[in-house]
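Since the structure comes first, as structure tokens, the remarks are kept for the end.
Along the sequence shown, the residues carry numbers beginning at 1. As a basis for the values below, the full set of heavy atoms in this structure was taken, side chains included, without hydrogen atoms, waters or symmetry mates.
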Amino acid sequence: MMVDQQREFEINLGRAVDTLKRDYPKLLTRDPSWNIYHSDLEVIDPTGVSLHGLSNYKRAFSFIHAVVYMF
């Protein structure tokens, strides 16, 4: 059972890394693949600003895309 859990973790990790590598170059103009993110996502930057939940994270990307589009 422990071997199966480790294997599943490694597969999920590989899938997440592949997804991020594919999404990263176009992050400022397109939405990333949301399927690797948990609905209870929490993002905290070094200044202490934080986002709670996937819906807020999506809204942050919408805002960034709008700013990039304006410029």
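Asp45 and Thr47 form a side-chain donor-acceptor contact under 3.5 Å, judged by distance and modelled atom types alone.
A heavy-atom distance below 4.5 Å is not found between the side chains of His65 and Tyr69.
Cluster annotation: Leu27 and Leu51 are assigned to the same hydrophobic cluster (Ile/Leu/Val/Met/Phe/Trp/Tyr, side-chain heavy-atom contacts under 4.5 Å, transitive). The same ILVMFWY cluster, assembled from side-chain heavy atoms under 4.5 Å apart, contains both Tyr24 and Leu41.
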Enumerate, atom names and distances included, each donor-acceptor pair closer than 3.5 Å involving a side-chain atom of residues 9-20, sequence neighbours excluded.
residue: Glu10; atom: OE2; partner: Gln6; partner atom: NE2; Å: 2.9
residue: Asn12; atom: OD1; partner: Arg15; partner atom: NH2; Å: 2.4
residue: Asn12; atom: ND2; partner: Glu8; partner atom: O; Å: 3.4
residue: Thr19; atom: OG1; partner: Arg15; partner atom: O; Å: 2.8

Side-chain donor-acceptor pairs of residues 52-59 under 3.5 Å, sequence neighbours excluded:
residue: His52; atom: ND1; partner: Glu42; partner atom: OE2; Å: 3.4
residue: His52; atom: NE2; partner: Ser50; partner atom: OG; Å: 3.3
residue: Asn56; atom: OD1; partner: Arg59; partner atom: NH1; Å: 2.6
residue: Asn56; atom: ND2; partner: His52; partner atom: O; Å: 2.7

- Message: Apply side chain to side chain contact (heavy atoms under 4.5 Å, CB included) to residues Thr29 and Val68 and explain how you reach the verdict.
- Response: CA-CA 7 Å; Thr29 58; Val68 168; 4.2 Å; yes
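Remark: Leu28 CG to Phe71 CZ distance equals 13.0 Å, nearest 0.5 Å.
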